[in-house]
Amino acid sequence: MELSAKYNPSEVEDKWYAYWLKNKFFHSEPDAREPYTIVIPPPNVTGILHMGHVLNNTLNDVLIRKARMDGKNACWIPGTDHASIATENKVVAKLKGMGISKEDLTREEFLKYAWEWKEEHGGIILQQLRKLGASCDWDRTRFTMEPELTEAVINTFVYFYKKGWIYRGVRMVNWDPEGHTAVSDDEVIHRDTQSHFYHMRYFISDGNGNPTDKYIVVATTRPETIMADAAVCVNPADERHKWLHGKKVLIPLINKEIPIIEDSYVEMDFGTGCLKVTPAHDVNDYEIGLRHNLPVLNIIDDHGRLTEEAQILVGEDRFVAREKIAKMLQEAGNIEKIEDYISPIGYSERTNAVIEPRLSAQWFLKMDELSECALASVEDGFIKFIPDKYRNTYRHWMENAHDWCISRQLWWGQRIPAYYLPDGSFVVENSFEKALEAAKKINPAITAEDLHQDEDVLDTWFSSWLWPISVFDPQMPGQPDHKPNSDLAYYYPTNDLVTGPDIIFFWVARMIMAGNEFMNDVPFHNVYFTGIVRDKLGRKMSKTLGNSPNPLDLIEKYGADAVRLGMLLCSSAGSDILYDESQVEQGRNFCGKIWNSWRLVSGWNVDENAAQPAAAAEAVKWFDNLLSRTIVTVEDHYSKFRISDALMATYKLFWDDYCSWYLELVKPAYGEAIDGATYKATVCFFEKLLKLIHPIMPFITEELWQAMAERKEGETIMFQSTPKAGEYDNEFIAQFELAQQIIVGVRGVRAQKQISPREALSLCIEGSLLPELLPVITKSANISEFVQSTEGPAVNFIVGTIKVSVPLAGFVNADEEKAKILAELEHQRKFLAGVRGKLGNANFVAHAPANVVAVERKKESDALARIEALEASLAALQ
RNA sequence: GGGAGCUUAGCUCAGUUGGUUUAGAGCGUCUGCCUUACAAGCAGAGGGUCGGGGGUUCGACUCCCUCAGCUCCCACCA
């Protein structure tokens, strides 16, 4: 088959992806083979492909294709996440564009729009992944909010509730007084803001609610909250405030008596060392309140106005109240001083309103037992993190895990299956019917109209933590007595998970918990953490910076294989990736190199009767050995998830060794034919190289593999087995490397001196280079013949134990040469002394592992040989 | 403030119980080449006292201490 002069990825990629799909090559069903399973980290259903996805899914695809070629039953489950907050925001924005406000809609109406939107725009990203070559089992595509998986989520909630691990509690949330909604921590932007620091006098009570003349000074930025104070807190170690212990103070203006309490949370050297504790309006104060059993008094409403509870300034906006109360305090003589102060204030990302910390009822899942077990899975080695450093992070978090707040004040998501009776009590069941039944047991008079389901939905992670289980058998989560279906039994646990370290707690840890709880087994064995993709200046990819390339444009321009390779080139696990388009160019160049190498080989005329030249025979032998050795290296890299190392080893084997050395050595002279034996070997090597690189570059390898021989319909490189390493002779490879160094040396001499080979070069090699490699040197260095003796000055190289002498009148400075050799001799002798010192240590010889001692002995003998060779060259120089 | 990690060539990074690497790779740079697969290429070359200082050792990029700079995670200071 005639190849076009240039590789054209866009022509090739669609063709082969369609071919793979048509033949169902990606699809997996349980069979007798060993499974290799990956579940995709489900992208947001509303998401579009960005560079982070490219990195993550390329790695996943490399692993899955490698496993497939290794003969495993490879299954990669794709799917999307309903991503409640992100999706709901997008739908709200879309509706706003249509002139519809969310507040004007009922829940049902809103959800109707949301589903329409999901059907229309959702899942684009899955189509985009195909452009990248992702070999997902599309027949198994899942969505976290599809009916079956929703059922799994609801069952899980009911299960944990009945187990007593889910409870309703009060928690501080970020309240947006303009949007009238709680927002997540991620949606709060902290900005340093100019404000004031009010130093106020709180008078000590005489015990009957009357002020004495003694007072303490408390500093705050929020004087409008003093009416909600529950205590004043000092550090127990603070000598200045020892006299206060057990006393009570009066809140200014309203003269309410509150206790002095002690807590080490208070910093002694900040402010006055006295902290007013306002549990309802500050997160930390709330925590202190819990520890000291303080009452919680809420004086700010949904709109940020003071309530009746405040007693004064009722109905005023919090900021107006702040000004007014400052004035009142001043007039009442309670202000010591007011300082200018800059403090970080949280603003709502959406409305830019100042966030008000506010207590609200939420649902929680207890973490103590779940996290203990999940920690053990990693600590005991059932799950490995790559890189290992994340174990520390993981341990630290798991040991301090807070209970998981699983409720969200949104509509898009799985609605919490708690049903309230008119009296405020509630029942938890997985359906309305069951809930009604349960409610009737409490109160037989209850009717369907009386029962109201909780308005909140569940945190998105409460569905994605079930992902490795629910994608196979949605009946399983929440029902540990259920017998796993055949898919779950076969594919679970999955093998590897590739994800970002930013969701180690949100997702990875919780999947481990769910796996332990419902399957009694970990959900995966290895977690490969990628880095964050940044631009080449190290900045995060962002829309506003405009530094985030569209992966589809890149694929269009360079080809998917080039993009994959470019992404992998710089992707050592865990460290951030500084993306640079030049890496993708490198990928494209590599495609061109592969393409052209086959153009060369496929264009040769073969003469079956021709004798194999000596240089070609040695080249074949060498490359065969090197290929085997590289395969071993590559396998080792893969086993340690060093994907970029595996790639680089293959890249160099293909480009440097195969193209630059091997092909040049076996290439027939212009117009001549190649002998049959060499040709056969060359084609065989090429096919093995294609298979080796296929997991990384699926398209070009399929194209060339199909082009290099007649293939039948249904055949594919995807299911060819990974080339196996044969026996290889390290000594021979080393000898060949010496020959290569000699060649490079000779070329260097010629380049520096600008002389032609014929003009001056004759070469003398002394030492122990295999004589059969001489033709290799002759051919590659373009030397007509060797001369056995030299006359006059010469260029001398020492390559390993071989002395190479290139005679050249007036070229080399013998003194320099001598000095070099002497310096190396000194180093070698010193080194030898060290090694001998170690070997002379009886302790070392007796206790070190045998192979370590053997290495030392080898070093000793090598050093001796080297010294001998150097001494010989020195003598020869003189 | 608590925790983790990083600092090696112009850039991005390897460096595997301290030793045959008196420091490696890719890219970039420089020099010479349109040589009949490939100029998206070929053949060469240069480039680092391994962040600073100290210690242990026959020997330190590697282990210990210390200082400096950077990054991330958590908690954020009334």
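Sequence lines set the chain letters: A, B, ... in the order given, protein chains first and strands last, and positions in each chain run from 1.
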Can you list everything that forms a salt bridge (charged side-chain N to carboxylate O under 4.0 Å, His left out) with [X]? Sequence neighbours excluded, please.
X       : value
D657(A) : none
R588(A) : none
K557(A) : E581(A)

Can you list the residues that meet the side chain to side chain donor-acceptor pair (under 3.5 Å) rule with [X], with sequence neighbours excluded?
X       : answer
E868(A) : none
Y638(A) : none
N596(A) : R599(A)
D229(A) : Y202(A), K276(A), T278(A)

Determine the Euclidean distance between corresponding [atom1] atoms of [M] and [N]; express it in Å to zero decimal places.
N      : M      : atom1 : result
A23(B) : C13(B) : C1'   : 14 Å
G24(B) : G48(B) : C1'   : 11 Å
A75(B) : G51(B) : P     : 33 Å
C74(B) : G52(B) : P     : 33 Å
C6(B)  : C65(B) : P     : 14 Å
C11(B) : U7(B)  : P     : 14 Å
C42(B) : G18(B) : P     : 40 Å
C58(B) : U16(B) : C1'   : 24 Å

Worksheet item: Given C38(B), G3(B), G19(B), which nucleotide is nearest the side-chain atoms of K593(A)?
Response: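 Out of C38(B), G3(B), G19(B), the nucleotide with an atom closest to K593(A)'s side chain is C38(B).
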Show each protein N/O and nucleotides 22-30 of chain B N/O combination with a separation under 3.5 Å, one pair to a line.
unit_1: A25(B); atom_1: O2'; unit_2: K652(A); atom_2: NZ; d: 3.3
unit_1: G26(B); atom_1: O3'; unit_2: Q586(A); atom_2: NE2; d: 3.4
unit_1: G26(B); atom_1: O2'; unit_2: Q586(A); atom_2: OE1; d: 3.4
unit_1: G26(B); atom_1: O2'; unit_2: Q586(A); atom_2: NE2; d: 2.9

Between F505(A) and W397(A), what is the ring plane arrangement, given parallel below 30°, perpendicular above 60°, and tilted in between?
parallel
Notebook entry, point to check: For E860(A) and L832(A), what are the C-alpha separation, side-chain angles and deciding distance, and is it a side-chain contact (heavy atoms from CB on, under 4.5 Å)?
Noted result: CA-CA 6 Å; E860(A) 186 189 24; L832(A) 181 65; 3.9 Å; yes
Between F590(A) and N596(A), the residue closer to the 5' end of RNA chain B by nearest nucleotide is N596(A)
Check your understanding: Starting at the 5' end of RNA chain B and moving along, which residue's nearest nucleotide shows up first, Q583(A) or Y7(A)?
Key ->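 Nearest nucleotide further toward 5': that of Q583(A).
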Atom-to-atom span, [atom1] of [X] to [atom2] of [N] - whole angstrom:
X       : N      : atom1 : atom2 : answer
Q741(A) : G44(B) : CD    : C1'   : 15 Å
L600(A) : A37(B) : CG    : P     : 6 Å
I503(A) : C73(B) : CD1   : C1'   : 15 Å
R391(A) : G5(B)  : CZ    : P     : 12 Å
W604(A) : A37(B) : CH2   : P     : 10 Å
F505(A) : G3(B)  : CZ    : P     : 15 Å
E737(A) : U21(B) : CD    : C1'   : 13 Å
F506(A) : C73(B) : CZ    : P     : 11 Å

Backbone N/O of E224(A) and side chain of R322(A): donor-acceptor pair under 3.5 Å =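 Checked: no pair found.
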Legend entry - Worked check of side-chain contact (heavy atoms from CB on, under 4.5 Å) between I693(A) and F590(A): CA-CA 11 Å; I693(A) 202 79; F590(A) 188 42; 4.0 Å; yes
- Query: At under 4.0 Å, does any side-chain N or O of N392(A) touch on OP1 or OP2 of G3(B)?
  - Reply: no
Taking only side-chain nitrogens and oxygens of R642(A), does any of them come within less than 4.0 Å of OP1 or OP2 of C13(B)?
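Checking C13(B) against R642(A), no side-chain N or O comes under 4.0 Å of OP1 or OP2.
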Within the 4.0 Å heavy-atom criterion, would you say [X] contacts the bases, only the backbone, or no part of the nucleic acid?
X       : answer
R599(A) : sugar-phosphate
V744(A) : sugar-phosphate
G834(A) : base

TODO: Evaluate whether atom CD of E379(A) has more than 12 neighbouring non-hydrogen atoms of other residues, nucleotides or ligands under 6.0 angstrom away.
DONE: yes
Just checking E731(A): does its CD atom have more than 12 heavy atoms from other residues, nucleotides or ligands closer to it than 6.0 angstrom? no
Only residue of L3(A), L690(A), V601(A) satisfying side-chain contact (heavy atoms from CB on, under 4.5 Å) with M708(A) is L690(A)
Check: After noting the C-alpha distance and the side-chain angles of M367(A) and H402(A), does the key distance pass the side-chain contact (heavy atoms from CB on, under 4.5 Å) rule?
Finding: CA-CA 7 Å; M367(A) 281 289 107; H402(A) 296 295; over 6 Å; no
Under a 4.0 Å heavy-atom cutoff, the residues of residues 657-666 of chain A touching RNA chain B are C659(A), S660(A), E664(A)
Secondary structure of RNA chain B per the Watson-Crick/G-U criterion (both distances under 3.5 Å; [ ] crossing, | other strand, . unpaired) is (((((((..((((.....[....)))).(((((.......))))).....(((((..]....))))))))))))....
Identify, with sequence neighbours excluded, every residue that meets ring pair (Phe, Tyr, Trp, His ring centres under 6.0 Å) alongside Y658(A).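 Here the qualifying residues are F623(A), F654(A), Y662(A).
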Write out a two-atom table: protein N or O, nucleotide N or O from nucleotides 76-78 of chain B, distance below 3.5 Å.
unit_1: C76(B); atom_1: OP1; unit_2: N284(A); atom_2: OD1; d: 2.5
unit_1: C76(B); atom_1: OP1; unit_2: N284(A); atom_2: ND2; d: 3.3
unit_1: A78(B); atom_1: OP2; unit_2: Y341(A); atom_2: OH; d: 2.3
unit_1: A78(B); atom_1: O3'; unit_2: T221(A); atom_2: N; d: 3.3
unit_1: A78(B); atom_1: O3'; unit_2: T221(A); atom_2: OG1; d: 3.2
unit_1: A78(B); atom_1: N6; unit_2: E267(A); atom_2: O; d: 3.1
unit_1: A78(B); atom_1: N6; unit_2: F270(A); atom_2: O; d: 2.6
unit_1: A78(B); atom_1: N1; unit_2: E267(A); atom_2: N; d: 3.4

